[in-house]
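Here's the structure, in structure tokens; my notes come after.
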Amino acid sequence: MSENSIIDNETGKSNFIKEIIKEDLNNNKNDSRVATRFPPEPNGYLHIGHAKSICLNFGLAREFKGTCNLRFDDTNPSKEETEYVDSIQNDVKWLGFDWDDRLYYASDYYERLYEFAVVLIRKGKAFVCDLTADQMREYRGTLTRPGQESPFRNRSVEENIDLFRKMRNGEFKDGEKTLRGKIDMSSGYIVMRDPVLYRIQRSTHHRTGDAWCIYPMYDFAHPLSDSIEGITHSVCTLEFENNRPLYDWVVNECEAVHKPRQIEFARLNLSFTVMSKRKLLELVTKNYVSGWDDPRMPTIAGIRRRGYTPESIRDFADRIGVAKADNMVDIAMLEHCLREDMNRRAQRVMAVIDPVKVIIDNYPEDKTEHVEAVNNPEDESMGKREMPFSRELWIERSDFMEIPVKGYFRLAPGTEVRFKHAYYIKCVSVEKDDSGEIKVIHCTYDPDTRGGWSQDGRKIRGTIHWVSAAHAVEAEARLYEHLFIKENPDDLEDGADYKINLNPDSLKVIKKIYVEAFVEKCSPGDKFQFDRTGYFCIDPDTTKGNIVFNRTVPLKDSWGKIAGKNA
RNA sequence: UGAGGCAUCGCCAAGCGGUAAGGCAACGGACUCUGACUCCGUUAUUCCAAGGUUCGAAUCCUUGUGCCUCAGCCA
């Protein structure tokens, strides 16, 4: 997709962050410059919640003619991997955003961060502490009780400088010492109670290797990385609201040149799925799904494989808006965005998912003719194609009822329906097997209705899809439903696990469907509308002999609703 | 019994003292060679609650209530 398509998608919908930025611009803050960043930690795959943040940050930059950096917040080597930094870059690009040459890593700043820490120590604003993790927890106090100052809090500047250098030089064991900010042990903000700024941790970093054995904490590295990059508006999610005083403290006390402003918004929650990295990782590692890109996963990789388009995701991000109230967006909103996008663009295909045989008794046995089918009624420029029609066809089992219910206007004994693009067809009899299941529906066709029209103008209510049995190709279809059965899988009884809400029917594999033969020439990722059933795409699992389709989302089905109610 | 946030239709969400946008969902109806799409219509006398200020309040004040976040040497 081109840059232009992104701009065309912009709605300009207002939100409180844009208001803040406009005000800052009016007050000439930061020389009227806007710089944002998307700062993932490379410890997992991106999900749809990240997509909201990506669209927000890159969108703000575009709207205000600023820049948006991609920065990896890689300050905890024990959790981070190159596999993740690659997938993240791939996903951001796929969504349609470009960081140009502004790809950064917090690990690029380790030396400068160290210097900033020294500044803090010199000012008497940081100290080396010998407390163990357990001791520190005790000294920290509780939510309602102030903490106590560390006995190491009053070491001299010289001693702190010396100790901090020794920490860096590897003269202490992991966890033996920390560098802490000297702030306020009785603050209502727990994070201000002399927070740890550096810890000793001997693990190999995916970029800096073993060059360092001390690593800066998020609360120290993040504000300074923002400042180093000249970020003006540091947008993050609500759970960091409590960290903002520390963010400001670090930027101010370190006397950083640029003083970015942290703004928090509500992260996305989507119904019928989970969004936490811990849970997504568990679903992958314990094989509840096939991988990070399982089409049922809310990861970017998963929804891409499922068949979602970047346009539909961006549209979704626009529609849900940005605010500060906790939210749970209906997944129907996402599905709507995909349908709207695909309805406009998707090639139509006749595909029969639950086939039953139709024999046209009065059609010559050895004859094959070709009828013309519109590729996309929403877009004439997509042209037409030829479809083979012959005596034996497949239709959808649900498109025939031996004893039709009220309101049913598809095929039934004695009734006439239109086989889309082909002929008017009337059912004359059915053949069943011993169990009573219908094996063959015998029909007749009206040769004067070729193309699906009749001269006499008789009205036909039902139009159904079909494929020629001799010409269709067999394929596999994977039909997906929500990963969880509950709107909020985390809404649990005392101590229960969210996995009890996993939907056992989230994947249904249909081994043999019949599809128009031209799909054999298509490639993984290609997207279609299967007439009257849904949007599908070709899965990468496709092999020469076996085309695999993923159902991205079904078409809306008001008859299914009515029939469901009557049942 | 600490601190920081948030409360507008089933779900998102505008609204910034002048008399409740929009989208999704739902429900009617029209149209239809996709029971899709599209179109048209319906759905908050009311904005967490109660007081107050005002000619006038979802918007200002007061007092409550509910929900979220924080006690990692994670981010």
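All chains are named by letter (A, B, ...) in the order of the sequence lines, taking the proteins before the strands, and each is independently numbered beginning at 1.
- In this structure, A/E282 does not pair ionically with A/K279, as no charged nitrogen and carboxylate oxygen lie closer than 4.0 Å.
- Spacing between B/C68 and B/G29 at atom C1', rounded to whole Å, works out to 43 Å.
- If you take CD of A/E335 and C1' of B/C24, they are 11 Å apart, rounded to a whole angstrom.
- In this structure, OH of A/Y247 is placed 19 Å from C1' of B/U69, rounded to the nearest angstrom.
- Separation of the C1' atoms belonging to B/G5 and B/C31 is 50 Å when rounded to the nearest angstrom.
- Atom NE2 of A/H421 is separated from atom P of B/U32 by 17 Å (rounded to the nearest Å).
- The structure places CE of A/M328 at 9.5 Å from CG of A/L268, a figure rounded to the nearest 0.5 Å.
- The side chain of A/K561 places an N or O atom within less than 4.0 Å of a non-bridging phosphate oxygen (OP1 or OP2) of B/C27.
- If you measure from atom CZ of A/F272 to atom C1' of B/G10, you get 12 Å, rounded to the nearest angstrom.
- Taking the charged nitrogens against the carboxylate oxygens, A/E340 and A/R319 do have a contact shorter than 4.0 Å, which makes a salt bridge.
- Remark: A/R385 fails to qualify as a cation-pi partner of A/F518 under the 6.0 Å distance and 45° angle criteria applied to the six-membered ring.
- Salt bridge A/D108/A/R71: absent, no basic N to carboxylate O contact under 4.0 Å.
- For A/R199 and B/C74, the shortest distance from a side-chain N or O to OP1 or OP2 is below 4.0 Å.
- Geometrically, A/R207 engages A/Y105 in a cation-pi contact defined by less than 6.0 Å to the ring centre and at most 45° from the axis.
- What separates CD of A/E19 from P of B/A14 is a distance of 10 Å, to the nearest Å.
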Could you list the protein-to-nucleotides 37-42 of chain B atom pairs, N/O on both sides, closer than 3.5 Å?
residue: B/C37; atom: O2'; partner: A/N343; partner atom: ND2; Å: 2.8

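- The listed nucleotides are B/A75, B/A36, B/G23; the one nearest the side chain of A/L555 is B/A36.
- Whole-Å rounding puts the A/F127 CZ to B/C73 P distance at 12 Å.
- As rounded to whole Å, 12 Å separates atom C1' of B/G23 from atom CD1 of A/I320.
- Between A/R140 and B/C73 there is a side-chain polar atom (N or O) within less than 4.0 angstrom of OP1 or OP2.
- In this structure, A/Y218 does not count as stacked on the base of B/A75 under the 5.5 Å centre distance and 30° plane angle limits.
- Mapping A/L143 and A/T132 onto RNA chain B by nearest heavy atom places A/L143 at the nucleotide closer to the 5' end.
- Between A/E487 and A/N15, the residue anchored closer to the 5' end of RNA chain B is A/E487, taking for each the nucleotide with the nearest heavy atom.
- When rounded to the nearest whole Å, the span between CG of A/L238 and P of B/A7 equals 10 Å.
- Of all nucleotides listed (B/C70, B/G4, B/C24), B/G4 comes nearest to the side chain of A/Y189.
- Nucleotide B/G18 carries an anti base; the chi torsion (O4'-C1'-N9-C4 or O4'-C1'-N1-C2) is more than 90° from 0.
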After noting the C-alpha distance and the side-chain angles of A/H222 and A/S234, does the key distance pass the side chain to side chain contact (heavy atoms under 4.5 Å, CB included) rule? CA-CA 10 Å; A/H222 199 89; A/S234 179; 4.0 Å; yes
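- Counting only heavy atoms from C-beta on, A/K79 has its side chain closest to B/C74 among B/U34, B/C74, B/A14.
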